[in-house]
Amino acid sequence: WKNLMGTDLFSDAVVEAYRVNDTADVDVLVNVRERGSQVVRLGIRVDDERNTQFGLDLAEENLFDREIQVGARFVGGLRARSAELGIAMPRVFNSYWKYGVAGYAARKNYYAYTNRQGLPTDEFERYRSGEFVIERYGMRMSAGKQIEKNGSLLGEFRFERQRMFDKDSTNLPNFSSLATLKFDARFDTQDLAYFPTSGRVIEISLESSILNLRDDIKFSKAQMYYHAILGGGRHILKPSLYFGFADVALPPTEFFALGGQNSFYGMRESEER
């Protein structure tokens, strides 16, 4: 029952067991109620990094009763805007293979931070020294396979046009292209899709450029993420480790970032890049 409800595919599940003709054998009957396939999600976020953002998701999660998922997502705000349209199939026929295709466009503002000079040796302060913008648009195509219950392997091709510039700049740079292939392996034993109380996640990925384009960006990048859930009941601990490295050709648009509520409390979002 926990495994079924943990998929977040069903609104209810009932598991019943019946003894077979006074023997030790047991028949198990499972009844489930699927969630609605047409979904609308609305969201709002307010903070001192991105100010106010509104989000809208529109999705059909079982098109033609073939488990085909089609969706559109829009996020709008003063410092971050994005749109994405995609189609995915979590299972191809009766196999454990899956695929997805998505097109997207995004623009996001980032603050630049500098250490304040001339302070006593026991004092430290950083201040906002500017603001820059990253714009990107492109498409992603992915295919992968479920490995038993907890593992998955995924390959993704990304073609993208991107640029980075100072917010106050009047002479905007041209877009550069990148075409990369990414391999991702994930192991997930969490007991629930949302607010899990036990389990762990290990994810390793490697991404590298594969095409020779006229104005392309070439780089290789590897990442590893791990977190475990300790304890249980009302209170849990969730220690995590995130590690990445890349070659010197990595463009600033693809830099790793440190800071913010999702990576390092006490630092501003993407304070270190």
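Quick note: numbers below take in every heavy atom, side chains included, and nothing from hydrogens, waters or symmetry partners.
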Practice prompt. Say whether Met141 and Met89 are linked into one hydrophobic cluster, either directly or through other cluster members, by side-chain heavy-atom distances under 4.5 angstrom.
Written response: yes
Discussion item. Quick one about Ser37 and Glu60 (side-chain donor to acceptor, distance below 3.5 Å, no hydrogens or angles considered), yes or no?
Written reply: yes
Item to complete: Identify the heavy atoms of Val32 and Val30 that sit nearest to each other, and give their distance.
Response: CG1-CG1, 4.0 Å
Item to complete: Quick one: do Ile87 and Ile68 satisfy side chain to side chain contact (heavy atoms under 4.5 Å, CB included)? Show the steps, please.
Response: CA-CA 7 Å; Ile87 181 171; Ile68 300 174; 3.8 Å; yes
Discussion item. Would you say that Val39 contacts Asp57 through its side chain, given a criterion of any heavy-atom pair below 4.5 Å between the two side chains?
Written reply: no
Discussion item. Are Leu211 and Met139 linked, directly or through intermediate hydrophobic residues, by side-chain heavy-atom contacts shorter than 4.5 Å (ILVMFWY only)?
Written reply: yes
Worksheet entry | From CA spacing to verdict: salt bridge (charged side-chain N to carboxylate O under 4.0 Å, His left out), Asp47, Arg45 | CA-CA 7 Å; Asp47 61 29; Arg45 171 184 175 133; 2.8 Å; yes
Discussion item. So if I apply the salt bridge (charged side-chain N to carboxylate O under 4.0 Å, His left out) rule between Glu254 and each of Arg273, Arg158, Lys182, Lys218, which one comes out positive?
Written reply: Arg158
Worksheet entry | From CZ (Phe187) to CG (Asn150), nearest 0.5 Å | 5.0 Å
Fill in: Thr180 side chain reached by Phe219 side chain, heavy atoms, under 4.5 Å
yes
Worksheet item: If you measure from NE2 on His227 to CG on Leu241, what distance do you get to the nearest 0.5 Å?
Response: 12.0 Å
Worksheet, complete the sentence: Rounded to the nearest 0.5 Å, the CZ atom of Arg126 sits from the CZ atom of Arg116 at a distance of 11.5 Å
Worksheet item: Side-chain heavy atoms under 4.5 angstrom apart, residues restricted to Ile, Leu, Val, Met, Phe, Trp, Tyr: same cluster for Phe10 and Val28?
Response: yes
Fill in: Heavy-atom side-chain contact between Leu250 and Phe255 under 4.5 Å
yes
Worksheet item: Given Arg79, which of Glu269, Glu49, Glu131 fulfils the salt bridge (charged side-chain N to carboxylate O under 4.0 Å, His left out) condition?
Response: Glu131
Practice prompt. Please examine the side chains of Asp48 and Arg268, heavy atoms only from C-beta on, and report whether any two atoms are closer than 4.5 Å.
Written response: yes
Worksheet item: Should we say atom CZ of Phe175 is surrounded by more than 12 heavy atoms from elsewhere, each under 6.0 Å from it?
Response: yes
Item to complete: Using the side-chain contact (heavy atoms from CB on, under 4.5 Å) rule, pick out the option among Pro173, Pro251, Pro252 that qualifies with Met164.
Response: Pro252
Discussion item. Has Asp247 got a side-chain atom pairing as donor or acceptor with Ala249's backbone, closer than 3.5 angstrom?
Written reply: yes
Practice prompt. Group every Ile, Leu, Val, Met, Phe, Trp and Tyr by side-chain heavy-atom contacts under 4.5 Å, then state whether Phe256 and Tyr226 land in the same group.
Written response: no
Worksheet entry | Arg91 charged N/C atom sitting above Tyr96 aromatic ring, 6.0 Å / 45° | yes
Item to complete: Using modelled atom types only, decide if a donor and an acceptor are shared between the side chain of Trp1 and the backbone of Ala13 within a distance under 3.5 Å.
Response: yes
Worksheet item: Are Ile204 and Leu154 co-members of a hydrophobic cluster defined by side-chain heavy atoms under 4.5 Å apart?
Response: no
Worksheet item: Less than 4.0 Å between a side-chain N and a carboxylate O, is that true for Glu135 and Arg163?
Response: yes
Discussion item. Within a 6.0 Å radius of atom CG on Asn21, are there more than 12 heavy atoms belonging to other residues, nucleotides or ligands?
Written reply: no
Item to complete: Can you establish whether the number of heavy atoms outside Phe264 located under 6.0 Å from its atom CZ is more than 12?
Response: no
Practice prompt. Look at atom CZ of Phe124 and say whether more than 12 heavy atoms of other residues, nucleotides or ligands are closer to it than 6.0 Å.
Written response: yes
Discussion item. So, taking the atom named OG1 in Thr189 and the one named CD1 in Ile202, what distance separates them when rounded to the nearest 0.5 Å?
Written reply: 8.0 Å
Fill in: Test item: side-chain donor near acceptor, Tyr242 and Gln223, under 3.5 Å
yes
Worksheet item: What is the minimum heavy-atom distance between Ile236 and Pro196, and which atoms define it?
Response: CD1-O, 3.6 Å
Practice prompt. Identify the two heavy atoms, one from Met5 and one from Ser11, that lie closest to each other, and give their separation to 0.1 Å.
Written response: CE-O, 4.0 Å
Discussion item. I'd like to check Ile134 versus Lys108 (side-chain heavy atoms, cut-off strictly below 4.5 Å). Are they in contact?
Written reply: no
Practice prompt. State, yes or no, whether a side-chain contact exists between Val201 and Gln190 at a heavy-atom distance under 4.5 Å.
Written response: yes
Worksheet item: Between Leu42 and Leu56, is any pair of side-chain heavy atoms under 4.5 Å apart?
Response: yes
Item to complete: Answer yes or no: does atom OH of Tyr265 have more than 12 heavy-atom neighbours from other residues, nucleotides or ligands under 6.0 Å?
Response: no
Worksheet item: Would you find a donor on one side and an acceptor on the other, under 3.5 Å apart, between the side chain of Asp191 and the backbone of Thr197?
Response: yes
Discussion item. If you define the side chain from C-beta out and look only at heavy atoms, does anything of Val75 sit under 4.5 Å from Gln53?
Written reply: yes
Worksheet item: Between Pro239 and Leu230, what is the shortest heavy-atom contact and its length?
Response: CG-CD1, 4.0 Å
Fill in: Cationic N near anionic O, under 4.0 Å, Arg35 to Glu61
no
Discussion item. Closer than 3.5 angstrom, by distance alone: can the side chain of Ser240 be matched with the main-chain N or O of Tyr225 as a donor-acceptor pair?
Written reply: no
Worksheet item: Roughly how far, to the nearest 0.5 Å, is the OH atom of Tyr104 from the OH atom of Tyr137?
Response: 11.0 Å
Worksheet item: How many angstroms lie between atom OG of Ser205 and atom CZ of Arg186, to the nearest 0.5 angstrom?
Response: 11.5 Å
Worksheet item: How close do Leu178 and Ile217 get, heavy atom to heavy atom, and via which atoms?
Response: CB-O, 4.1 Å
Fill in: Neighbour count above 12 (heavy atom, 6.0 Å) for Glu148 CD
no
Worksheet item: Is the CZ atom of Arg73 crowded by more than 12 outside heavy atoms at less than 6.0 Å?
Response: no
Fill in: Aromatic plane relationship, Tyr113 with Tyr111 - under 30° parallel, 30 to 60° tilted, over 60° perpendicular
perpendicular
Worksheet item: Of all heavy-atom pairs between Thr253 and Arg136, which one has the smallest distance, and what is that distance?
Response: O-NH2, 3.1 Å
